[in-house]
Amino acid sequence: MSNLVEGATGRWEVVIGLEVHAQVISQSKLFSGAATAFGAAANSQVSLVDAGMPGMLPVINEVAVEQAVRSGLGLNAKINTYSVFDRKNYFYADLPQGYQISQYLQPIVGEGVITVDLEDGSSRDIGVERLHLEQDAGKSIHDRHPTKTHVDLNRSGVALMEIVSKPDMRSAEEAGAYVRKVRAILRYLGTCDGNMEEGSMRADVNVSVRHPGDELGTRAEIKNVNSIRFMQQAIHYETSRQIDILEDGGSIDQETRLFDSQTGTTRPMRSKEEAHDYRYFPDPDLLPLEFSDEFVDGIRATLPELPDAKKKRYMAELGLSEHDAQVLVSERDIAVFFEEVATGREAKVAANWVQGDFFALLGKAELEVADSPISAAQLGGLIDLITDGTISGKIAKDVLETMFESGQDASVIVEEKGLKQVSDTGAIEGEIDKVIAANADKVAEFRGGKDKVLGWFVGQIMQATKGKANPQMVNQLLREKLKP
Amino acid sequence: MAELTEIGIAEARDLLSKGEVSSVELTTAHSVAMAEAQSLNAMITETPAQAKAMAAASDARRAQADGGEVGALEGIPLAIKDLFCTNDVLTTAGSHILDGFKPPYESTVTDKLWKAGAVMLGKTNMDEFAMGSSNETSYYGPVHNPWRRQGDGGDNRNLVPGGSSGGSATAVAGRFAMAATATDTGGSIRQPASFTGTVGCKPTYGRCSRWGVVAFASSLDQAGPITRSVRDNAIMLGAMAGYDPKDSTSANKAVPDFEAALTGDVRGLKIGVPKEFVLDGMPVEIEALWQQGIGWLKDAGAEIVDISLPHTKYALPAYYIIAPAEASSNLARYDGVRFGLRVDGSDLTEMYENTRAAGFGAEVRRRVLIGTYVLSAGYYDAYYLKAQKVRRLITQDFRDVYEQVDAILTPSAPSAAFAIGEKSDDPISMYLNDVFTVTANLAGLPGISIPAGLSDEGLPLGLQVLAPAFDEETMYRIAGVLEEAAAFTAQPEKWWRSAS
């Protein structure tokens, strides 16, 4: 598969590197005890430290350190038992200290690698350069007042993990798959909720272009993109913009750009004169962060099964196809749901129901698994009714729809609507006899060798029984009665 | 009974416990003396009403205890350097930019002092953000040293008290605070103590919490006491010190009974005398004082050892890179957005520029510029990183030397107090004031200055004792012996009273 872009001067390759900012799941902020809940009233979760008051000092939150190590392990990365917090200095109204505490030269997590799965079924390894801990800034709100800017410091000091990839991606699709995979891993680990709408995950996207085989081109960095779709749009736009400039004989400025979701374009964030010199230096208020290998091992021992391992197990032990396994492990919530449905049931049947009809209903309602109106136990109950012959698979599809609408158990719906399968031989035989008697021509056709007519007969019986006749029995009895 | 403003903490403690004096009496005496000393400009904020209320509460606690245990500083009236945040009391750091700032919190050190029973008389003047060695950089104007040159036809200009803790040293020397808190980043406790005939100790980095102390240079700042005697100093440090989980650089170590270390016995101790501290052009009287101190310790049975701290000459340049670098970042929060001064502008950037230009004085702006420069891309390695390497070498020098000796004796400052305005146009000559004190900050080690004699012009001169990290006990033990030998009893005339 080629991701190359045709241009007037030949084919171009786009090179993408991502910096994913993931908010750490933690009760309190990185260096203060203030709460981190989303959606709280403005400036209600701000400690004296977060507000940058004189004489206030940061104290590292141990939970955030654990979460970073956990994430590093999930990304198959090297854990650095010695790391250093630095100050990144710049002025802005929502940055009370006048600097952000981050990690610059010595991050808590070093190189790692993750495997991303692409739509054509292939997979690719994408390198992780590092993961470091840093503070979030507050939020400036410019649209509440004609001449003033409001500042909400609730986010100020919230712990973020910045996960920096290597420039290993070659298409918007790969970039999307990478973000999805990182998000899935962090969700499995319980270290970030991955909720891009609430801002708990966002990405800075580095894009450059080159002719294949050339040195890396000059990159532009698109800041703070908050959805995968926007990220992909930004990459497409940025790729054409850069190719156009280069093919016109121009050169790319290394700069920071903003994505405008209204227009789908990017524009420079600040002029060159305003470019920051962040003057990084080790934060003298904090000692270097040191922990033991035992601390890391303790965290390693509590890691859950991650998507890649789970996928292998689904294929090897449950006999699922690679595609089914892939879909079911793609999100932690889906895997948890599936595993509950599959417990004590035929795994393949469970897999088919989960990612077939169930997913179709979710998709139609634009819901995530977590918001599903029916539980895994309820879906399992429906499958049980098929297995024990109470209803047919066909009826089950209708029952599932009703379950989805009402939230009721399958058994209740089957009972109320009288959908129990008719497995009474006498009743089915009676219907068959009626149909045979009324359709002598069709009987003759069948007996003349037209096997297909059997399907027509089955349809008639099912219609007459409102679909409740046990299809296997209908088939069997029909064959017997139609025998010449 | 002596006048109540003439006694120290130890004596007051005895009188209070015997019921011969109340905290209200002690406190009132000091508040009155403070009001009479306004021409010295040692205080930024006086809090006599609060002082009286705290003193009354202290007397009530003492009565409640009925002869039982009370706090280590129960009823003792103190002045607080205006770098310590004090709940709902104006805290300025000597700067215009903190106009009107009343913190809704109390620094850990002052909180510990109040819990130990102490009483706050007010907040002392200081160099702006503790940047200075003469107290002339304060937005609130210079502090006048209680001491004046003696002799006929001499220069009788008013003198600086040293800095940055000039107000604290003056309040203690001028007998209007029994003791005072101070901070020391490059010598800001020890040099003013030397200039005012008081005892000033900078403990080991990490001994006192920095939480709630307005930061100048975080890796160097350390709080300590300025007192009238070594014993008072040991008592007060005991109340200030201790681990604070709110300060990640505070040391999780038990606080020893510093007062108990004053055994008066230094027999067998090895005292190092570093050859690098002999400066070209150092006044003869400083050299003579040093020799005098060496003689006293020898007489007391200590062994004097010539030592070398080879990287000493790089200490001052390294300090004047590291301290401004940290300061340039620490002072970024004074941006006019949330507290203190704001001077409006047409946009955010202009508001920053206007506020910081109006709010910071010349010395602070100079150091912010130096600090910004040495951290900038392309200069970081040559300046900041190099200075950090020097700092490690200096620390290693001390480690090596403390293999051979128990403590080090040096002068506290290269001169006696100088006149107001005498050096304020020459930053380099001003920075040289820190030459003997700054190495202890770079290495994080404890040091104390004690008054040991008078200059030819009748001004106090101090000797400095440096000790290994967290060995303030040895430092106090030696300081106590020097104090006894020096028998420094001179006092400035209270000329400011008649002037008022």
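Proteins come first, then strands; the chains are lettered A, B, ... in the order of their sequence lines, and each starts at number 1. Values below: all heavy atoms of this structure, side chains included; hydrogens, waters and symmetry mates excluded.
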With a 4.5 angstrom heavy-atom cut-off, which part of [X] approaches chain A: side chain, backbone, both or neither?
| X | result |
| --- | --- |
| B:Ala217 | neither |
| B:Asp221 | neither |
| B:Val213 | backbone |
| B:Thr372 | both |
| B:Phe84 | neither |
| B:Tyr379 | neither |

*Quick one: which of B:Ser209, B:Ser376, B:Ala215, B:Gly336 has the most heavy-atom pairs under 4.5 Å with chain A, could you say?*
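Answer, by heavy-atom pair count under 4.5 Å with chain A: B:Ser376.
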
*Sort out for me which of B:Val374, B:Leu385, B:Leu375 touches chain A most, counting heavy-atom pairs under 4.5 Å.*
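Of the candidates given, the most pairs with chain A belong to B:Leu375.
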
*Within a reach of under 6.0 Å around CD of B:Glu350, are more than 12 heavy atoms found that belong to other residues, nucleotides or ligands?*
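Enclosed.
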
*Above 12 or not: heavy atoms from other molecules or residues under 6.0 Å from NZ of A:Lys166?*
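Enclosed: over 12 neighbouring heavy atoms sit under 6.0 Å from NZ of A:Lys166.
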
Measure across [X] and [Y] and return the closest heavy-atom pair with its distance rounded to 0.1 Å.
| X | Y | answer |
| --- | --- | --- |
| B:Ser218 | A:Arg87 | OG-NH2, 3.9 Å |
| B:Leu98 | A:Pro54 | CD2-CG, 4.2 Å |
| A:Gly55 | B:Arg333 | N-NH1, 4.5 Å |
| B:Ser329 | A:Asn89 | OG-OD1, 2.8 Å |

Keeping [X] on the side-chain end and [Y] on the backbone end, is there a donor-acceptor pair under 3.5 Å?
| X | Y | result |
| --- | --- | --- |
| B:Arg338 | A:Met53 | no |
| A:Asp277 | B:Ala377 | yes |
| B:Ser248 | A:Pro58 | yes |

_Does the plane of the ring in A:Phe91 sit parallel, tilted or perpendicular to the ring in B:Tyr352? Use 30° and 60° as the thresholds._
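A:Phe91 vs B:Tyr352 ring planes: tilted.
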
*asked:* Can you tell me which portion of A:Tyr278 sits under 4.5 Å from chain B's heavy atoms? Options are side chain, backbone, both or neither.
replied: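 Interface part for A:Tyr278: neither.
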
_Residue A:Phe281 versus chain B: region with a heavy atom under 4.5 Å_ =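 For A:Phe281, the contact with chain B is made by backbone and side chain together.
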
_Go through it in stages, so that I can follow the logic: the residues are B:Thr249 and A:Leu287, the test is side chain to side chain contact (heavy atoms under 4.5 Å, CB included), and I'd like the CA-CA distance, side-chain angles, deciding distance and then a yes or no._
CA-CA 7 Å; B:Thr249 62; A:Leu287 301 174; 4.3 Å; yes

*Do the side-chain N and O atoms of A:Arg279 and B:Tyr380 include a donor-acceptor pair separated by under 3.5 angstrom?*
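No, no side-chain donor-acceptor pair sits under 3.5 Å.
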
